[in-house]
Amino acid sequence: MLATAPDNAVRMTKKPPVRQNAVLDVLKQYWGYDSLRPLQAEAIAAGIDHRDSLVVMPTGGGKSICYQIPPMVADRTDVVVSPLISLMKDQVDGLRECGYPAACLHSGMTDRDRREALDDAMNGRIRLLFVAPERLMIDGFLRSLEQIQVRSFAIDEAHCISHWGHDFRPEYRRLAELKRRFPVASFHAYTATATERVRADIIKQLGLRDPAVLVGNFDRPNLTYRVIPRDDVYGQAVEVIQRHAGEAVIIYCISRKDTEEMCSHLRAKKIKAVFYHAGMSPDARRKSQEAFANEEIDVVVATVAFGMGIDRSNVRCVIHAAMPKSIEHYQQETGRAGRDGLDAECVLLYSPSDIAKWKYILTKGAEEGGEGGMANLQPQFELLGHLQSYCQPYDCRHKRLVEYFGQRFEKTSCDACDVCLNESGDMVDATVLAQKILSCVARTKEKFGAKHIADVLRGGDTEMIRKWNHQTVSTYGIIKDMTVRDLTIATNQLADLGLLDRSNDGYATLKLNDASWAVMRGRQNVRLPKAPVAVTTEDRSREISWVGVDRGLFEELRLLRKEFADERGIAPFMVFGDASLRDMARRRPRGERSFRSMQGVGEAKMQEFSARFIACIDQYCAKQGLAEDMSAGPPQSASAPRREGKSPSGPVLRAYELFASGASVETVAEELHRAPGTVEGYLSDFIEREKPSTIGAWVSDADYCKIKAISAELGTARLKPIFEALNGSVPYPIIRLTTAHMNAVSNGR
Ligand code: ADP
């Protein structure tokens, strides 16, 4: 039976409160957290009760704690199967930093260390033992585990057991034998990406008995997704990175060569970056990975090889310089952004040539017998097709991703993707344009790609046009009011919509199909997005999770964190995550009692770090003349409503002072050295918080009246309908400020 999450939730609430308290005590003592996230309670209950389980939660959802708490509460030693050495090492280091006794066993350790780890397990000195699947299945090792009487196994990255998953590992298949060797033990499978088919396969392959199937919410509301047509990959990547100066960014490329070329372009722009791919020596790879994990480098350019071992929780942006080969890959790779629950951005630079490239790579691989051979080629093309469809700007990106994994998306707008933020432009009728493009494909004999078609339509003078004498075809130069770039994008969009076929030979030659003829004969209309709106401002939602955070203090605390990390040879996020540092820089705790209430401060970290962190905060506040202990309330967790900002301080406070005297957005932006978009965010918060009687300094009376009249009909929950009803005559920021004011004033009554 597949137990659903709600059933399990009920089971948990029936448990004696004593055990719930024990779980919460462990959570607070080791991790410094006050409450469990959705489904963690149910997953932990299954672990303690020895009920087999399959837990599917998106990256960053908090799976690890689900298998880390049960052995602590039940006072036993459990085994975690984990596919990568770096991943295990990170987890064990992180756990030890929290004072949690854990060890790992892998081939990179000396015999002595391995013996010591096993000895600790045999003598009950550790609660968790991490092992790689190939080591686990060695007979002598299984005998040791029998002696320890292991009663519970957690299988991390469990999708690796399924052919239908995107990362099949044959050595995972042997895990099925475990169930026979340990008939009374329970098995707990964990994964971040599994469609229904993969879930069923995991249960079957592992032989799970009546498992609790707990599927978390796949939506990651803290991620803002953008898909941007790619026309200048280096320039576009630099632009995105500049929005994240001083923050961690991962750039994914398809090939090893691409990573190296991107890296040298970034370095030429004075961006400190390293590359990472499987063709590098293990030593070089380790260096790149460590430089990134230790926050010596903020930008890493990588192939998919850079992945499961990356645990840096404060990655603020993931850029895909090209399309990956499935939604599963995309979800997993973007999942590395914002694991700390704070806002982060995911940008996919999409070009349809990626599809042609992948089809070529996959076909070649299949012909050589890789990835399941020719029989597996069609399923892989299907996975590719799903992602291609996701790249089209016709629907909310959060919705598309969530629905792909079989869940409903309840919100009407996410406010965190290019489509809902209206950056991809409105849809307009483009039937005549489509007819012209399709005719041009016909006139040039279906032998060329999108760029050449665009050159011909625009009436260009290129070598190809001269070579093929295309200045003589009837469609030459018939479109003058669009750039070649926009024409190329539109042509590609027609192919993405299935109104043109692309060849699989790596050249993406465009061919007509039945749908093309239907459009040319006027039997089918076409709608395409208007030219995309550039993302020029800093993403406002990112700023909100900074509300009340003193950035100067945050930077000081970051330096201190780095000192501690270097002293111990661990990654900085293992000392404290960014969410903890922001909490400290927002609430500025004075003394041990307040410090203990900060997010992420457990017992071990309290002992180790509190004195120097408190001293650092004291010093900073004295120097800046800032008050301490700003709020005695609970920490502002990542899941707390974003609007509940604490009292403004630092630059935000200064902005508020300037707004109070009627300063314009431009003036404030200049004084604070912030982007106008960011300052608009401050202004909107200022209006909501201070409820000024008029906002005439920023919005004209005429605009205010127009918006008020329209919103009486349409409401203020969504800005897009108001924008459209006003025919785009009033820009979004003005609408946002006005609705903020109308709401603030009416709430304040
Ligand atoms: P996953 O393995 O699902 O990708 P992790 O277990 O690494 O996610 O958790 C992601 C982050 O969330 C970690 O920094 C972890 O400490 C934090 N976290 C997990 N559970 C909680 C909780 N109940 N409250 C606050 N933070 C949590």
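Starting from 1, each residue takes its place in the sequence as its number. One-based numbering, in listed order, for ligands and for the atoms of each. Just the heavy atoms: all of them, side chains too, but no hydrogens, waters or symmetry mates, feed the values below.
Under the 6.0 Å distance and 45° angle rule, R151 does not count as a cation-pi partner of F182. Judged by the 6.0 Å and 45° rule, R312 forms a cation-pi pair with F292.
Contacts of ligand 1 (protein heavy-atom distance under 4.0 Å) are Y33, S35, L36, R37, Q40, P58, T59, G60, G61, G62, K63, S64, I65, R339.
Separation of atoms SG (C317) and CZ (R226) is listed at 9.5 Å; rounding is to 0.5 Å.
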Problem - side chain to side chain donor-acceptor pair (under 3.5 Å) assessment of Y276 paired with R286 - result: CA-CA 9 Å; Y276 183 104; R286 191 181 43 76; over 6 Å; no
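When the shell of 6.0 Å around CZ of R590 is examined, it contains 12 or fewer heavy atoms from other residues, nucleotides or ligands.
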Please list every donor-acceptor pair under 3.5 Å in which a side-chain atom of residues 402-409 meets a protein atom from a residue at least two apart or in another chain.
| from | atom 1 | to | atom 2 | distance (Å) |
| --- | --- | --- | --- | --- |
| Y404 | OH | E328 | OE1 | 3.1 |
| Y404 | OH | E328 | OE2 | 3.1 |
| Q407 | OE1 | F218 | N | 2.8 |
| Q407 | NE2 | G216 | O | 2.7 |
| R408 | NE | E410 | OE2 | 3.4 |

